[in-house]
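Below is one structure, written out as structure tokens, with a few remarks after it.
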There are 2 protein chains.
Amino acid sequence: MAEFTTLEHENLNSVVYGALCDALMQGRFQPGDRLKIRDLAEQFGTSVTPIRDAILRLANDEAITFRSPRDIRVAGLSENRYREIRAIRVRLEGFAAETAAQVATSADIQALEQILKENEAAIADGDRLRGTQLNQAFHFRLPQIAGLPVLTTILRRLWLQMGPHISDAYLAGGRAMIDHHYPVVEALKRHDPAAASMAIVDDILLGGKPILERIGAVVPGAERSA
Amino acid sequence: MAEFTTLEHENLNSVVYGALCDALMQGRFQPGDRLKIRDLAEQFGTSVTPIRDAILRLANDEAITFRSPRDIRVAGLSENRYREIRAIRVRLEGFAAETAAQVATSADIQALEQILKENEAAIADGDRLRGTQLNQAFHFRLPQIAGLPVLTTILRRLWLQMGPHISDAYLAGGRAMIDHHYPVVEALKRHDPAAASMAIVDDILLGGKPILERIGAVVPGAERSA
DNA sequence: ATAACATACTTGATGCATCTTTTTTGACGT
DNA sequence: ACGTCAAAAAAGATGCATCAAGTATGTTAT
């Protein structure tokens with residue numbers, strides 16, 4: 001008997017959740033932005049119920065917080081919290097890169113190079129949104145190549161929390177954010193786990209600097225969720 | 001101006017979510033168990049709305065899955081998925097132990113020793129439930145000592161997925177599950193990060209063996225969520 | 001003009017009715 | 001006995017009304 005992946009229920013709440021996740025990861029929200037269930041319901045053309053459901057999931061992801069009982073806002077990020085996220089990413093994405101280096105096929109390599117190529121084009125065009133998306137696509141491709149779905153889910157949550165902050169810093173970082181991706185691909189080609197891990201760690205640490213510089217100033221409410 | 005942690009809204013949905021989380025982590029559900037919103041609403045004495053909210057959050061945590069659009073079940077765990085979770089725990093809990101070893105105070109050490117003492121008593125009494133709880137308490141105490149709240153949240157989600165499986169295996173593992181905790185405390189006393197990390201990794205890998213043996217047989221539906 | 005209070009509005013939480021789809025069940029025919 | 005099909009019951013999804021609590025507004029008295 002074959003294995004089936006449980007198929008996606010395309011519930012309204014999932015549609016809304018996905019749309020809000022995309023918006024967060026693309027930096028289309030600022031930390032501290034207020035979300036109103038009824039307003040979103042009107043924008044999405046649904047009742048409030050699916051919006052509440054999506055908001056609840058996002059709050060569970062700690063991507064948005066309830067500042068007070070009736071005040072839903074995009075989560076802030078304290079410097080300490082960002083440093084912790086970065087430290088976790090170093091371990092988790094390092095692990096993903098190691099594993100990917102061991103199992104990557106030539107098709108996997110080609111896919112990564114394609115992402116890099118498009119990313120170069122996006123940077124050349126000054127398309128900041130697309131650049132952000134492609135940078136994320138590169139990072140998410142590694143655990144996918146490695147066959148680590150749990151890790152992918154964890155990373156997605158971390159990016160959800162970083163989303164409102166990276167967009168600001170992406171411009172400042174500029175082309176440097178993609179430079180460190182090339183050594184990763186080279187390491188994967190050579191099936192060199194240690195080099196792949198070190199390369200992605202470099203990318204995380206150096207690419208994160210401009211984010212860290214910005215964060216000190218922002219921080220509206222950088223705490224728990226419901 | 002002082003820092004306030006955003007206070008807990010004790011919503012009904014949070015109460016239900018907390019209760020279901022506890023039940024899952026204590027192994028009071030079996031993988032594949034079916035959850036019915038209306039039944040739970042009756043048990044909790046609420047309407048279906050807060051139950052739906054809690055279920056949605058649990059589904060977001062991938063602790064329960066929607067096998068089909070109207071069939072909510074406690075998530076299964078494939079062997080591969082469990083191995084991945086274990087590999088992630090090794091890195092994350094290793095990191096937590098390292099950090100904890102650097103910053104642990106004598107009060108922290110005493111708290112850990114108190115947990116171990118109570119855990120010994122629980123084992124002596126054959127109190128399997130309390131033993132499971134105290135084992136988890138030990139593991140969660142390390143990132144707490146280390147001051148890593150994001151990591152704690154990630155671990156909590158992983159334990160949520162393991163919960164329905166560890167209870168079965170805990171008996172089989174028996175006292176071995178706690179033996180490896182002592183070297184951790186010793187390493188923290190010596191402020192020896194490398195030793196602390198190695199000790200907790202040993203605990204994860206060896207303690208996980210009985211779980212792994214059981215898992216091969218179970219696996220009703222070990223996939224995605226909504 | 002300002003401060004204090006009352007009123008109206010905003011907004012998330014909760015409960016509930018209804019809808020659609022799925023699952024069960026049982027009768028019927030082979 | 002077994003398989004098929006249809007009717008009924010079950011169950012989650014969606015929408016919506018209401019509630020309580022917080023916020024804004026406007027009026028009045030000093």
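Every heavy atom of this structure was used, including side-chain atoms; hydrogens, water molecules and symmetry mates were not. What you are looking at is a predicted structure, and each value in this text was computed from that prediction instead of being measured. The chains referred to below are lettered A, B, ... by the order of the sequence lines, with proteins before strands, and numbering in each begins at 1.
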Could you list the protein-to-nucleotides 16-23 of chain D atom pairs, N/O on both sides, closer than 3.5 Å?
residue, atom, partner, partner atom, Å
D:dC16, N4, A:T49, OG1, 3.3
D:dA21, O4', A:R70, NH2, 3.1

Value in whole Å for how far the [atom2] atom of [N] lies from [atom1] of [X]:
X     : N      : atom1 : atom2 : result
A:L12 : C:dC19 : CG    : P     : 17 Å
A:R52 : C:dT11 : CZ    : C1'   : 12 Å
B:L58 : D:dG12 : CG    : P     : 14 Å
B:R73 : D:dA10 : CZ    : P     : 17 Å
B:K36 : C:dT22 : NZ    : P     : 17 Å
B:F44 : C:dT14 : CZ    : P     : 14 Å

Does the side chain of B:T132 come under 3.5 Å of the side chain of B:N135 through a donor N or O and an acceptor N or O?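 The answer is no; no qualifying pair exists.
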Counting the atoms with a prime plus P, OP1 and OP2 as sugar-phosphate, which does [X] contact under 4.0 Å by heavy atoms, base, sugar-phosphate, or nothing?
X     : answer
A:L35 : sugar-phosphate
A:I55 : nothing
A:I51 : nothing

Relative to the 5' end of DNA chain D, which residue comes earlier, A:T46 or B:I72, by the nucleotide with the nearest heavy atom? B:I72
Rounded to the nearest 0.5 Å, how far apart are OG1 of A:T153 and CG of A:L158? 11.0 Å
For B:D203, side-chain hydrogen bond (donor to acceptor under 3.5 Å, both in side chains) partners two or more places apart: B:H139, B:H181
